[in-house]
Amino acid sequence: MAQAYDVVVVGAGFSGLYMLHRLRQAGESVRVYEAGTSVGGTWFWNRYPGARVDIESQEYAYSFSPELDAEWKWTERYAAQPELLGYLNHVADRFDLRRDIQLETRVTTAVWDAAARRWNVATDRGDEVTARHVVMATGCLSIPKEDAELPGAETFHGPSWHTGRWPEAGVDFTGKTVAVIGTGSSAIQAIPQIAAQATHVTVFQRTPNFSVPAHNGPVDQNVVADWAANRAQYRKEARDTGFGIRYVATTEQPALEASPDERAAAYEARWRYGGFALLGAFNDLVLDPNANATAAEFVRGKIAEIVKDPVTAEKLSPKTYPIGAKRICVDTGYYAAFNRDNVSLVDLTEEPIERITAAGVMTSAGEYAVDAIVYAIGFDAMTGALDKIDVRGAGGARLKDAWAAGPATYLGLLVAGFPNLFLVTGPGSPSVLCNMAVAIEQHVEWISDCIAWMSERQAGSIEATPAAQDAWVAHVNEVADATIFPLANSWYLGANVPGKPRVFMPYIGGFPVYRDKCNEVAAAGYDGCVVAA
Ligand code: FAD
Ligand code: NAP
């Protein structure tokens, strides 16, 4: 007979680890399946040179355990991938999580059995188990886009890697000529590091990105002491900001009510501070395209100051979408890397890639021969990992079909027609528009509270009603349409994956508004849901 659990959790990254801990505390029996050879999720897979967090380390961390918080010491203002992976491994050990996690195991199917009110879950290792609930902690950015999107990729004679599937042993670029395709956050972190090693780096840019310096360095011990003294208060303050980041607290002033000098001073101060702080300079930067244009112009001015060759500076300057409509990149020496003799830029709007050849990259203007290719082309975001699992809900309906026109959820947590299926940071929740540490903790706690509530009542199933889901989806779209976010061809919209429906997936109403809504729903006995015995 199939092994029976209360809950199957898919994924052992930031989300899956805390989910397991919380569910165990609630007395549920849990099995976690993880495709990777270790826990860590994003920080296990993305080992490319320069990979690091884009939110200050103090804030990109769990807050549920004051003891964990007090004992873990970050070494850098923006922790690098090895330190983040070390942190998540420490969490797995500290809370004795490993005994319920099965690694190197990919969940392939999850089928709802309405009569038994259980999910039948199968894996690529032959496991067949049942569970009352399934929690998808599968990650928003865990499925790399395939290099097959670039025709001829399989013909390239040299090594190539996707940034999101970087080899554990690392890559030595010494003496190599390298093509980097893409200029998103991953590329922007990797390019200066690869350039410091390689003979030559050719960057293939389809759309330039806005990037703000991290000003990374060792953690300031004054900051550590301040956080130690005020941690609970600072965590609360972070959760009360729209993006879940304390230092991005937005001022109350609209940009266009400030004088040009005041604006320049505000942007300069935040540029010097670094990172996402820039977006909090005024309260309308993500709402009013004219206000936004002042911040965009400021960053373009910075690019022109840093990059010595005016033609390259111009090509690196984003002009076709508002700043922030694609996730701002946070870099260490990105624009300055283009002042090196061994870095060159190919503008794909002038000469599109035709194909990958045995020798390198062929554009409409000619062939660029290289020894190695780095695909920094991003992810099938938010829905990719769920699409890869054959999830069948009530009446055998497939999740992939239900989402054919774009993902529809209730609060990003539940899906109508899929009882007892929970999503962590699913589409329709603040998710990737928020400090993910904050978003994940809130979701994990809501889900574990919901499961505990059901267990107490011996309830058999919970499911969002189609009406509640439709109303939530309409609200998510309405809020997005009142912002600058839909104005860029971003992965938030699925625009980066050929053929993917164009739907703005995360919820941009702000973390506090969203959290309060989730709490209201729970307090009202899961309003908008049908709970069956
Ligand atoms: P993940 O960490 O993606 O973990 C999901 C896990 O599920 C993966 O290990 C995957 O192997 C596993 N999985 C998926 N499908 C299956 C299956 N069918 N069977 C078994 N296992 C499966 N967010 C921020 O807030 N700040 C940052 O600075 C930041 N930096 C990032 C940098 C990079 C390079 C990337 C790619 C993302 C970054 N993010 C950042 C977002 C990041 O994904 C989240 O912060 C967080 O790590 C997500 O945790 P998770 O557990 O939800 O998902
Ligand atoms: P991304 O932001 O989607 O960037 C992918 C890049 O590849 C874009 O420049 C894109 O161009 C280009 N590209 C995609 N397909 C292409 C094709 N077929 N031909 C040519 N160019 C192509 O992906 P990412 O850089 O991996 O980042 C994804 C997200 O992960 C980030 O937004 C962020 O949330 C997270 N992340 C965070 C950090 C961090 O700093 N902590 C680091 C890495 C990732 P277009 O823009 O034209 O599509």
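Counting convention: from 1, in listed order, for ligands and their atoms alike.
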Examine Arg392 relative to Trp112 and say whether NZ or CZ is less than 6.0 Å from the centre of the six-membered ring and inside a 45° cone about the ring axis. no
Quick test: of every protein heavy atom, which one is nearest to atom 48 (C) of ligand 1, and how far off is it to 0.1 Å? Ile440 CD1, 3.8 Å
Any donor-acceptor N/O pair, Thr425 side chain to Ile440 backbone, under 3.5 Å: no
Can we say Asp54 and Arg327 salt-bridge, meaning some charged N sits less than 4.0 Å from an Asp/Glu carboxylate O? yes
Can you tell me which portion of Ala137 lies within the under-4.0 Å heavy-atom range of ligand 1? Options are side chain, backbone, both, or neither. backbone
With the threshold set at 4.0 Å, does a side-chain nitrogen-carboxylate oxygen contact exist between Arg515 and Asp240? yes
Give the residue and atom name of whichever protein heavy atom lies nearest to atom 14 (C) of ligand 1, and the separation in Å to one decimal. Thr138 O, 3.4 Å
Of all heavy-atom pairs linking Arg77 and His215, the shortest is NH1-O, 3.3 Å
Without swapping roles, check the side chain of Glu351 against the backbone of Gly366 for a donor-acceptor pair under 3.5 Å. no
Contact residues of ligand 2 with a heavy-atom cut-off of under 4.0 Å? Tyr48, Arg52, Val53, Asp54, Leu141, Lys145, Glu149, Leu150, Ile181, Gly182, Thr183, Gly184, Ser185, Ser186, Gln189, Arg206, Thr207, Lys326, Arg327, Leu348, Ala376, Ile377, Gly378, Phe379, Trp491
Tell me which protein heavy atom sits closest to atom 17 (C) of ligand 1, plus the residue, atom name and distance to 0.1 Å. Val10 CG1, 3.5 Å
Contact partition for Asn46 relative to ligand 1, non-hydrogen atoms under 4.0 Å: side chain
Candidate with minimal heavy-atom separation from atom 50 (P) of ligand 1, of Gly13, Gly11, Gly16, Ser15: Ser15
Measure the distance from atom 23 (N) of ligand 1 to every protein heavy atom, then report the residue, atom name and distance (to 0.1 Å) of the closest one. Met436 CG, 3.4 Å
For Asp54, the ligand 1 atoms with a heavy-atom partner under 4.0 Å come out as 26 (N), 27 (C), 28 (O), 29 (C)
What class does the angle between the rings of His133 and Phe422 fall in, given that below 30° is parallel, 30 to 60° is tilted and above 60° is perpendicular? tilted
With the side chain counted from C-beta on, respond yes when Met19 and Ser448 share a heavy-atom pair under 4.5 Å apart, and no when they do not. yes
Between Gly36 and ligand 1, does any nitrogen or oxygen pair lie at a separation below 3.5 Å? no
Is the ring pair His162/Phe379 parallel, tilted or perpendicular, if the boundaries are 30 and 60 degrees? perpendicular
Does any part of the side chain of Val370, heavy atoms only, come nearer than 4.5 Å to the side chain of Val178, both counted from C-beta? no
Residue-level breakdown please: for Ile143 versus ligand 1, do any non-hydrogen atoms fall below 4.0 Å on the side chain, on the backbone, on both, or on neither? neither
So among Glu76, Gln81, Glu83, which one has a side chain to side chain donor-acceptor pair (under 3.5 Å) with Arg52? Glu76
Examine distances only and state if a side-chain atom of Ser185 and a backbone atom of Val330 form a donor-acceptor pair shorter than 3.5 Å. no
Under a 4.0 angstrom heavy-atom cut-off, which atoms of ligand 1 come close to Ile389? 18 (N)
Any idea which of Ala35, Ser38, Ala12 brings a heavy atom closest to atom 21 (N) of ligand 1? Ala35
I want to know if ligand 1 touches Val107 in the polar sense, i.e. an N/O pair below 3.5 angstrom. yes
Would the distance check show the side chain of Glu34 and the main-chain N or O of Gly36 forming a donor-acceptor pair, the cut-off being under 3.5 Å? yes
Using a strict cut-off of 4.0 Å, indicate which atoms of ligand 1 neighbour a heavy atom of Ser142. 3 (O)
Rounded to the nearest 0.5 Å, what's the gap from OG1 on Thr332 to CD1 on Ile191? Could you check? 13.0 Å
Does only the side chain of Tyr48 get under 4.0 Å from ligand 1, or the backbone, or both, or neither? Count heavy atoms. side chain
Please indicate whether Glu128 has more than 12 foreign heavy atoms, meaning atoms of other residues, nucleotides or ligands, lying under 6.0 Å from its CD. no
Could you list the atoms of ligand 1 found under 4.0 angstrom from a heavy atom of Phe379? 36 (C)
Between Val53 and ligand 1, does any nitrogen or oxygen pair lie at a separation below 3.5 Å? no
Within 6.0 Å of CZ in Arg355, more than 12 heavy atoms from elsewhere: no
Quick check on contacts: which atoms of ligand 1 are under 4.0 angstrom from a heavy atom of Arg327? 24 (C), 26 (N)
Taking only non-hydrogen atoms of Tyr60 and a 4.0 Å limit, the atoms of ligand 1 in range are 23 (N), 24 (C), 25 (O), 26 (N), 44 (C), 45 (O), 46 (C), 47 (O)
Mode of Tyr33 contact toward ligand 1 - side chain, backbone, both, neither (heavy atoms, under 4.0 Å): backbone
Note, Met436 side chain near Phe14 side chain (heavy atom, < 4.5 Å): no
Under-4.0 Å heavy-atom contact between protein and atom 25 (O) of ligand 1: yes
Which atoms of ligand 1 have any heavy atom of Gly41 under 4.0 Å away? 1 (P), 2 (O), 4 (O), 8 (C), 9 (O)
Min heavy-atom dist Val424 to ligand 1 below 4.0 Å: no
Applying a 4.0 Å heavy-atom criterion (strictly less than), which segment of Thr42 is in contact with ligand 1: side chain, backbone, both, or neither? both
Can you tell me which portion of His443 lies within the under-4.0 Å heavy-atom range of ligand 1? Options are side chain, backbone, both, or neither. neither
Distance to 0.1 Å, residue and atom name: give those for the protein heavy atom nearest to atom 8 (C) of ligand 1. Glu34 OE1, 3.5 Å
Carefully, step by step, assess Trp403 and Leu386 under the rule side-chain contact (heavy atoms from CB on, under 4.5 Å). CA-CA 10 Å; Trp403 284 7; Leu386 294 165; 3.8 Å; yes
Short N/O distance, under 3.5 Å, between Thr425 and ligand 1? no
Charged N to carboxylate O below 4.0 Å: is that the case for Lys388 and Asp380? no
Not counting sequence neighbours, list each pair that qualifies as a side chain to side chain donor-acceptor pair (under 3.5 Å) and has a residue in residues 434-443. Ser63-Glu441, His443-Tyr514
Atom 53 (O) of ligand 1 [closest protein heavy-atom partner, distance rounded to 0.1 Å]: Gly139 CA, 3.2 Å
Just say parallel, tilted or perpendicular for the rings of Phe64 and Phe95, cut-offs at 30° and 60°. tilted
Per-atom contacts of ligand 1 with Thr105, taking only distances under 4.0 Å to non-hydrogen atoms: 19 (N), 20 (C)
With respect to atom 32 (C) of ligand 1, which of Phe276, Trp45, Trp43, Tyr18 exhibits the smallest heavy-atom separation? Trp43
